[in-house]
Amino acid sequence: MRTIREFLAVAIMALPLAACQPAVAQNLTGAGATFPYPIYSKWFDVYHQKAGVAINYQSIGSGGGIQQLKAGTVDFGASDAALNNDRLKEMPRRVLHFPTVAGAVAMVYNLPGFSGTVKLTPEAIVGIYMGKITMWNDKAIASANPGASLPATPVLPVHRSDGSGTTNIFTTYLAAVSGAWKELVGANTAVSWPAGVGGKGNDGVAGLVKQSPGSIGYVELAYAKQNKLAIAPVRNRAGNFVEPSIASTTAAVASAANGLAKDVRMPIVNGAKADAYPIAGLTILLVYQESKDVAKQRAIANFIDWAIHEGQQYAQGLDYAPLPEAVVHVDEATLKLLTSSGKKVRA
């Protein structure tokens with residue numbers, strides 16, 4: 001039977017070994033985009049069961065996520081808008097971008113009494129959000145819908161009221177197809193809207209469209225389907241009217257594959273492929289390259305590695321397009337840049 005002195009000796013000898021073993025992070029905090037929330041919530045639930053790591057995510061919009069990351073109140077941010085070079089310089093430390101999935105921004109509308117499907121051209125969408133097209137039977141809309149009896153109903157454009165990556169994708173598209181929009185309004189997570197009313201989050205815009213006759217809005221495809229909203233096919237760069245779907249979003253990513261291999265911040269709107277849906281984007285996790293908390297940094301790295309590999313199997317069931325192999329390879333290389341106290345957390 002051991003004496004108290006022997007027990008103390010064993011305990012003291014074990015201290016250096018225990019001290020050199022970093023604690024396993026059991027929870028992470030993140031905030032940002034509402035665009036990927038349906039799949040992120042699924043991922044966080046599955047990953048918690050698999051790895052025991054709880055991830056508390058606030059779906060507050062990309063702008064809010066970027067601000068919380070900048071303030072250091074979360075372990076990672078989430079955005080559908082990549083940080084440009086100027087925004088990167090504003091951050092306290094170097095930020096790395098990790099695309100997770102691609103999604104489509106659907107044009108949804110509420111037009112009581114109309115039983116068909118409204119097709120939209122880039123010119124019509126720009127005109128509506130510029131406030132120049134105010135009636136559903138305007139010739140700019142009617143010309144793309146020959147034979148359709150469009151009602152003389154006022155158009156109510158609905159947009160985001162918060163800083164939003166979905167807005168960034170949408171306005172990046174509008175700026176790509178309209179020089180006037182690019183000059184007068186521009187592309188960003190928040191813009192000065194020429195017309196319409198605002199809703200907070202993708203769910204807020206979907207809710208406003210659902211309850212407002214004559215309205216039109218832009219939301220991530222999953223929100224459009226969840227709310228059973230009418231979805232408009234949009235004429236793409238090749239001249240084809242294309243509905244948002246996993247296949248058409250995948251085609252949009254494929255259109256930009258070469259550029260994404262060089263810089264994952266590249267927009268994928270207005271893709272050249274014949275079957276590409278034109279209003280699509282990658283959604284991104286934003287992580288500081290360096291962290292003093294090795295356990296959390298390693299936990300973030302492990303989760304991202306799981307998400308870009310095993311986690312991709314959940315994408316299509318939630319109306320997102322999985323990452324193409326070229327983007328997965330870029331993410332894998334970026335994971336190797338994560339450090340804690342100057343040392344890499346992954347080989």
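If you're wondering where the values come from, they're calculated on a predicted model, not measured in any experiment. Heads up: numbering here begins at 1 and tracks the sequence. When reading the values below, keep in mind they use all heavy atoms of this one structure, side chains included, and skip hydrogens, waters and symmetry mates.
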Would a hydrophobic clustering, with Ile, Leu, Val, Met, Phe, Trp and Tyr connected at side-chain separations under 4.5 Å, put [X] with [Y]?
{"X": "V74", "Y": "W43", "value": "no"}
{"X": "I128", "Y": "F170", "value": "yes"}
{"X": "L229", "Y": "F241", "value": "no"}
{"X": "V191", "Y": "L184", "value": "yes"}
{"X": "V294", "Y": "L337", "value": "yes"}

For this session: Kindly say whether the aromatic ring centers of Y47 and W306 come within a distance under 6.0 Å.
Result: yes
For the pair [X] (side chain) and [Y] (backbone), establish whether a donor and an acceptor sit closer than 3.5 Å, ignoring hydrogens and angles.
{"X": "E290", "Y": "S341", "answer": "yes"}
{"X": "S62", "Y": "G32", "answer": "no"}
{"X": "Q313", "Y": "E310", "answer": "yes"}
{"X": "S178", "Y": "A175", "answer": "no"}
{"X": "Y109", "Y": "V118", "answer": "yes"}
{"X": "N145", "Y": "K119", "answer": "yes"}
{"X": "R235", "Y": "L120", "answer": "no"}
{"X": "S79", "Y": "A82", "answer": "no"}
{"X": "D75", "Y": "G30", "answer": "no"}
{"X": "D293", "Y": "K296", "answer": "yes"}

Does any non-hydrogen side-chain atom of [Y] lie less than 4.5 Å from one of [X]?
{"X": "N270", "Y": "N236", "answer": "no"}
{"X": "P322", "Y": "V101", "answer": "no"}
{"X": "L88", "Y": "R265", "answer": "yes"}
{"X": "P194", "Y": "Y129", "answer": "no"}
{"X": "L28", "Y": "V53", "answer": "yes"}
{"X": "Y57", "Y": "S59", "answer": "yes"}
{"X": "V234", "Y": "M107", "answer": "yes"}
{"X": "L323", "Y": "D331", "answer": "yes"}

Under a plain distance cut-off of 3.5 Å, with no hydrogens placed, do [Y] and [X] share a side-chain donor-acceptor pair?
{"X": "D80", "Y": "T283", "result": "yes"}
{"X": "T249", "Y": "Y320", "result": "no"}
{"X": "T29", "Y": "N56", "result": "no"}
{"X": "S340", "Y": "Q297", "result": "no"}
{"X": "T34", "Y": "Y223", "result": "no"}
{"X": "D45", "Y": "Q49", "result": "yes"}
{"X": "N168", "Y": "R160", "result": "no"}

Can you tell me how far apart [atom1] ([X]) and [atom2] ([Y]) are? Round to the nearest 0.5 Å.
{"X": "D203", "Y": "Y37", "atom1": "CG", "atom2": "OH", "value": "9.5 Å"}
{"X": "K344", "Y": "R298", "atom1": "NZ", "atom2": "CZ", "value": "14.0 Å"}
{"X": "L286", "Y": "K70", "atom1": "CG", "atom2": "NZ", "value": "13.5 Å"}
{"X": "I169", "Y": "I268", "atom1": "CD1", "atom2": "CD1", "value": "7.5 Å"}
{"X": "K292", "Y": "T339", "atom1": "NZ", "atom2": "OG1", "value": "10.0 Å"}
{"X": "I284", "Y": "F35", "atom1": "CD1", "atom2": "CZ", "value": "10.5 Å"}

Provide the closest heavy-atom pair for [X] versus [Y] in the form atom of the first, atom of the second, distance.
{"X": "Y277", "Y": "I279", "result": "CE2-O, 3.2 Å"}
{"X": "S212", "Y": "S215", "result": "O-OG, 2.6 Å"}
{"X": "A274", "Y": "V242", "result": "O-CG2, 4.2 Å"}
{"X": "L69", "Y": "M91", "result": "CD2-CE, 4.0 Å"}
{"X": "V205", "Y": "G217", "result": "CG1-CA, 4.3 Å"}
{"X": "A301", "Y": "L338", "result": "CB-CD1, 3.7 Å"}

For this session: Output, in order, the C-alpha distance, side-chain angles, deciding distance and verdict of side-chain contact (heavy atoms from CB on, under 4.5 Å) for L83 and I66.
Result: CA-CA 9 Å; L83 301 184; I66 293 168; 3.6 Å; yes
For this session: For side-chain contact (heavy atoms from CB on, under 4.5 Å), just list the numbers for L282 and L260, CA-CA rounded to whole Å, side-chain angles, deciding distance to a tenth of an Å, and then say yes or no.
Result: CA-CA 10 Å; L282 290 168; L260 290 170; 3.7 Å; yes
Enumerate donor-acceptor pairs with a distance under 3.5 Å from any side-chain N or O in residues 133-140 to protein atoms, sequence neighbours excluded.
from: W136; atom 1: NE1; to: G214; atom 2: O; distance (Å): 2.9
from: D138; atom 1: OD1; to: A140; atom 2: N; distance (Å): 2.8

Problem set entry | Carboxylate-amine/guanidinium proximity below 4.0 Å for D275 and K273 | no
For this session: Could you tell me whether D162 and K200 make a salt bridge, using a distance below 4.0 angstrom between a side-chain N and a carboxylate O?
Result: no
Exercise. Per the side-chain hydrogen bond (donor to acceptor under 3.5 Å, both in side chains) rule, which among T166, N202, T171, T167 passes with Y218?
Worked result: T167
Exercise. Residues sharing I60's hydrophobic cluster, by side-chain heavy-atom contacts under 4.5 Å among ILVMFWY, directly or via others?
Worked result: none
For this session: Could you please spell out the steps behind the ring-ring contact (aromatic ring centres under 6.0 Å, His included) verdict for F44 and F303?
Result: CA-CA 9 Å; F44 299 153; F303 168 71; 5.5 Å; yes
For this session: Apply side-chain contact (heavy atoms from CB on, under 4.5 Å) to the pair I304 and I308, showing each step before the final yes or no.
Result: CA-CA 6 Å; I304 293 174; I308 64 174; 4.3 Å; yes
Exercise. Do Y288 and L96 pass the side-chain contact (heavy atoms from CB on, under 4.5 Å) test, and can you show the C-alpha distance, the side-chain angles, and the key distance before you say yes or no?
Worked result: CA-CA 6 Å; Y288 285 120; L96 302 179; over 6 Å; no
Exercise. Does E90 CD have over 12 foreign heavy atoms under 6.0 Å away?
Worked result: yes
Problem set entry | Other residues, nucleotides, ligands: >12 heavy atoms within 6.0 Å of N84 CG | yes
